Structure formats: structure tokens, C-alpha cells
**Student:** 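Got a structure here, written out as C-alpha cells. Questions coming.
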Number of protein chains: 2
Amino acid sequence: MSSSLRPIAPPTSLMEVTVDRIRDAIIAGELPLGCKLSEQRLADMFGISRSPVRDALAALQMEGLVTISPKRGSFVFTPDLKAVDEICEHRCILEKAAVRKAIAINHAGLIKSLTAACKTMTEASQRGNALDYTKGDIDFHNSVIRSGGNHSIISSYKRTIGPLMALRTHLFTIMNETLERSMNEHLALLDACRRKKIEDAERLIDEHAAHLVDAYRTALAETSLFDGLSTGAA
Amino acid sequence: MSSSLRPIAPPTSLMEVTVDRIRDAIIAGELPLGCKLSEQRLADMFGISRSPVRDALAALQMEGLVTISPKRGSFVFTPDLKAVDEICEHRCILEKAAVRKAIAINHAGLIKSLTAACKTMTEASQRGNALDYTKGDIDFHNSVIRSGGNHSIISSYKRTIGPLMALRTHLFTIMNETLERSMNEHLALLDACRRKKIEDAERLIDEHAAHLVDAYRTALAETSLFDGLSTGAA
DNA sequence: GATCGCAAACTAACATGGTACATGGCAGAT
DNA sequence: ATCTGCCATGTACCATGTTAGTTTGCGATC
């Protein structure tokens, strides 16, 4: 109750927070796959003008989360099976290159960040919280990439896995089956990194990616059953 | 026949052509490295409003050609030595992965497109036309990536090499020295691909990338001598 | 009854005005 | 003389009006 008359003093631009809000809504499943994203509707939903919404949609297209058809509108990106395969293959290539470099030039930082991520995942696993586990999972893979130190790859990786974001939510439902195996795979990779076994680390990344493809394909198959166009729930 | 344009309907959006015009101006060197890109000035230059210019700048940021500082403006991206190293390393990783896959699953297509690119480069080399040679060079590397067939990698590659576009022009000046070596390297890679020598192909890509880094670093060193802020010539 | 054409509604794309913010220069104080 | 604070200027960012293109639904025609 001081002199701060401005409860919301956004240091970042309105467009930036709009990007975050739409991205969160997509990841949370409030804006389902293939959902039409009307500029006017989103503007009304957030109580702002169409301009920042338009800029935000362009930025999200850059991240691979939405697709924009000229003169037709924006839609939540829906990857098909082929796209999932290609994205996972691409992701696997980047991770293997990053882990190889990280072990060589940034071993301490790699182990530290990977250990922290594994700690988060272990705790979430014990509590049976798939959402927190997945956040730790994302942290783990981001740590691998970031430890590689190549900024070009870091930014590319972010855009690469973007199209899979909308599938993440549906991955939670089947995660329980594969959670234990996933946990063991991450721990094995951490161990290989700690012992600087590059060959083993790359092999483990390959195997992990293969399992990930299966999970995403299953999630995609489930979501395709809906096949409906929802307007998005509150 | 002129009326049946409906089914395909080429969307010649004003924003799209603005993107092309600005990109061409950057590649041509009319908009030098680090040049400030005023929305109003560009809009006046093209005789249009600021809206499509703003959208075009956002798209070019996606391609890595410009950087946008919030509330400050857009600038032609200027890579430093570290960025050049990282981009070339990234690019090398993608090319090696693509050539490995292309040899395995799309050998005929790979050889065909690479041969065509080499033909263009050879002719340009004999005429001493560095510009055409470079276009063939770009075609060659794009062919490697495209023959890999992974669409995620293809789009990522485009964005990856974007930041180096502004340096391309200055590369022409020193290309004559390294043109012959570059030509031989490409021919050697084509030969390795034709004989399905994956190991050799990857090694050649590594070596070629190393030489490319040197060329870009030299170009960057030359451009940094200018250090001036030009408003762009007609 | 099916198909083609037309029209109305919707929506993205473009243009323009207002506002907040960042930068550069200048005056005044120490 | 140097530094600091204020002011002028330019610019990006947001809001809103206008236009043009696409889609959809209905009706007429075959």
C-alpha cells in the first residue's frame, strides 16, 4: 500500500508477455492441436489490441508452435508422424554433438546441471508428479545442449523441439508407463557423462530418442482420435 | 487460361516482397553490417506503410539476418568471431548428418543435385565469376541438406546460415584466392558421395568447414575496419 | 437431386494516429 | 572543467479504422 500505484509494471513489452501467455496455453492444452487462433478473439481474451497479438503469433511461428496461413489465419501446429520422426532425429543429432563437446570442454558444468535436473526428476518421480518430472526432463536435455556452449545450436534446439510442445500435455497421460525407464535412461546418461564415456553417451542418446519417438507417436495417435475443433476451455 | 488462377493463387503478400527486398539489400551490401533499420525510413524507401515493414523485420529476425532490440530498433546482424565459429560448427554438424543419411537412403538424388551444382561452380570458376560461383556453392550445400530429407533440419539449416549472409558480399573479394581450393574440395566431396565413402565425406566436410571459418573470419576482420555507419547507397 | 454460381459475413492485411520510452545535447552546479 | 540533471527529439510500440481476400451458406439451374 505504498506509493506504487501500478500493480502491473511490465518491464518486458506487452508482446512478450502475450507470447508467453499463448505458449503456456498451448502447452497446458487449453489451446488444442490445430485450434484456430483468431487475432480478435485472442485480443479480447487478453483485453488488449490486435497488434501485440499479431506480433506474438509471428514470434510463435518462429518457435514452431503455430502455423500462419496467409489471409486465412493462425493455427496451433499439429505435427504428423513423419514430422515427429524428423524432429526427434534432428534433436538427437544436436544432443549427441553437444554432449560430445560438453564432455570435452565443460565437463564440470555438464555434470552439475545434469545432476540438478536428475534430482528434480527423481523427486518428481517419487511423488508420481508427471508434470514436474517432464519439466525436469526438459531441463535435463536443455542442460546437455547449453553445456555444449554453442549458441547457434542452443537457439536452434529451442526452435526444433517447439513443434512438439503441443503434444507434451498428452504425453503426461502415458508417461506413467515409461517414466521408470525414462528415469533410468537419464541416470545412465549422467553416469556415462561423469565417466567421460562419449561413445556410451551417444548410444544412450540414440536409444532414448528412439523411445521418445514411440511415446510421441502414441500421444499423436491418441490425440488424432479427438479430431474435433475445440474453441478452447477456460 | 488467365482466369484459372484460383486453385493455386500465389499469395504475393506485400510483407513477403518487403522481406525479400530487405534481404536482398543486406546480401548486396546496401545495408551494411550493424546498420540501423528504421521502420519509418524503410517504409518511405519502399513507399508503403510501417506495418508490413515491421512484420518483415520480425520475419528477418527469424531468419537471423537482423536483431531487434526492444524499444530501440532493428539492426543488421553483425556476427563476431565467436558467433562465426559456432555457426560454422553447427552447420558442419548438420551437413555431416545429412550427407550420411543421403548416401544411405537417397544416393541417386544426392549425386544428381551435387553434380548439377558442381557444373554451375565449374563454369563460374572458368569465367572467374565469383558471384555465380558462390551461388553454386550455396546450391551445393543446400543440396546436401535437402537430400537428407529431414524437413526439420532443412528449415533449421536455412536459419542457421542466415547470420552469415551479410558477410557473403565481403567474401567475394577474397574468394579468388581460395576459389580453386574450394572447387577441389567440393569435387572431392562429390566423389566421396558417389563412392559412398561416408567416413571420407564427413572428413571432407570437416576440412571444408575449417577453411570456411578462416574465410569468414578474414571477411569479418576486413569489414570491421570500416567501422562506419552508412545510411545505405542507392 | 446434384452442382455451380453468387452474395453475405468473417477475418487477416494494410494504413494511420497516439503514447511511452530511449537517446543526445545543453545548461547549471559543484 | 567535469559531472549531473533536465529537456528536446526521434523512435518503437500499441490502438483503431479501412480495405481486400477467403470461406460459407443459400439459391438457381441443369
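Just so you know, these numbers come straight off a predicted model, no measurement behind them. Just so it is clear, the values below take in all heavy atoms, side chains as well, and ignore hydrogens, waters and symmetry mates. Within every chain, numbering begins at 1; the chains are lettered A, B, ... in the order of the sequence lines, protein sequences first and strands thereafter.
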**Student:** Verify whether one side chain among B/Tyr133 and B/Ser182 offers a donor that lies under 3.5 Å from an acceptor in the other.
**Tutor:** yes
**Student:** Checking B/His151 now: which residues fulfil side chain to side chain donor-acceptor pair (under 3.5 Å) with it, not counting sequence neighbours?
**Tutor:** none
**Student:** Specify the residue among A/Gly47 and B/Ser38 whose closest nucleotide of DNA chain D lies further upstream toward the 5′ end.
**Tutor:** B/Ser38
**Student:** In residues 52-70 of chain B, which ones come under 4.0 Å of DNA chain C, going by heavy atoms?
**Tutor:**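 Under 4.0 Å from DNA chain C: B/Pro52.
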**Student:** Could you list the residues that satisfy salt bridge (charged side-chain N to carboxylate O under 4.0 Å, His left out) with A/Arg217, not counting sequence neighbours?
**Tutor:**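 For A/Arg217 the salt bridge (charged side-chain N to carboxylate O under 4.0 Å, His left out) partners, ignoring immediate neighbours, are A/Asp85.
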**Student:** Would you please name every residue forming a ring pair (Phe, Tyr, Trp, His ring centres under 6.0 Å) with B/His141, sequence neighbours left out?
**Tutor:** B/His186, B/His208
**Student:** Find the distance A/Leu42:CG to C/dC10:C1' and express it as a whole number of Å.
**Tutor:** 16 Å
**Student:** About how many Å separate OG1 of A/Thr18 and CZ of A/Arg21, when rounded to the nearest 0.5 Å?
**Tutor:** 7.5 Å
**Student:** Who are the side-chain contact (heavy atoms from CB on, under 4.5 Å) partners of A/Ala97, not counting sequence neighbours?
**Tutor:** B/Ile93
**Student:** So, using side-chain contact (heavy atoms from CB on, under 4.5 Å) as the criterion, who are the partners of B/Glu63 when residues are at least two apart?
**Tutor:**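 side-chain contact (heavy atoms from CB on, under 4.5 Å) list for B/Glu63, sorted by chain: B/Val19, B/Arg23, B/Leu60, B/Leu65.
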**Student:** CD of B/Glu39 versus P of D/dC14: gap in Å, rounded?
**Tutor:**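 Distance, rounded to whole Å: 11 Å.
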**Student:** Pull out every protein N or O sitting under 3.5 Å from an N or O of nucleotides 16-18 of chain C, one pair per line with the distance.
**Tutor:**
{"unit_1": "C/dG17", "atom_1": "O6", "unit_2": "B/Arg50", "atom_2": "NH2", "d": "2.7"}

**Student:** Answer with base, sugar-phosphate or nothing: what part of the nucleic acid does B/Ser74 contact at a heavy-atom distance below 4.0 Å?
**Tutor:**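 Nothing: the residue B/Ser74, judged by heavy atoms under 4.0 Å, touches no strand.
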**Student:** Can you measure A/Gln40 atom CD to D/dA15 atom P for me and round it to whole angstrom units?
**Tutor:**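 Rounded to the whole Å, the gap is 12 Å.
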**Student:** In whole Å, I'd like the distance from the CZ atom of B/Arg72 to the P atom of D/dT9.
**Tutor:** 21 Å
**Student:** What is the distance, to the nearest angstrom, from the CG atom on A/Leu37 to the P atom on C/dC10?
**Tutor:** 19 Å
**Student:** For B/Ala25, give me all partners under side-chain contact (heavy atoms from CB on, under 4.5 Å), at least two apart in sequence or on another chain.
**Tutor:** B/Glu30, B/Leu31
**Student:** Rounded to the nearest angstrom, tell me the gap between atom NZ in A/Lys71 and atom P in C/dA9.
**Tutor:** 20 Å
**Student:** Can you name the salt bridge (charged side-chain N to carboxylate O under 4.0 Å, His left out) partners of A/Lys82, sequence neighbours left out?
**Tutor:**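 Only A/Glu86 meet the salt bridge (charged side-chain N to carboxylate O under 4.0 Å, His left out) criterion with A/Lys82.
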**Student:** Output yes when at least one side-chain N/O atom of B/Lys36 is less than 4.0 Å from OP1 or OP2 of C/dT23, else no.
**Tutor:**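 For C/dT23, OP1/OP2 do not have a side-chain N/O of B/Lys36 under 4.0 Å.
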**Student:** Return the value, rounded to whole Å, for the distance between atom CZ of B/Phe46 and atom C1' of C/dA15.
**Tutor:** 17 Å
**Student:** Quick one: side-chain contact (heavy atoms from CB on, under 4.5 Å) partners of A/Thr115, sequence neighbours excluded?
**Tutor:**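 Checked A/Thr115 against side-chain contact (heavy atoms from CB on, under 4.5 Å); matches are A/Ile111, A/Leu190, A/Arg194.
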**Student:** Could I get a table of every N or O pair under 3.5 Å where one atom is in the protein and the other is in nucleotides 5-8 of chain D?
**Tutor:**
none

**Student:** Scan residues 140-166 of chain A for pairs that pass salt bridge (Lys or Arg N to Asp or Glu O under 4.0 Å), counting only residues two or more places apart or in two chains.
**Tutor:** none
**Student:** Write down the distance between CG (A/Asp44) and C1' (C/dT11), rounded to a whole number of angstrom.
**Tutor:** 13 Å
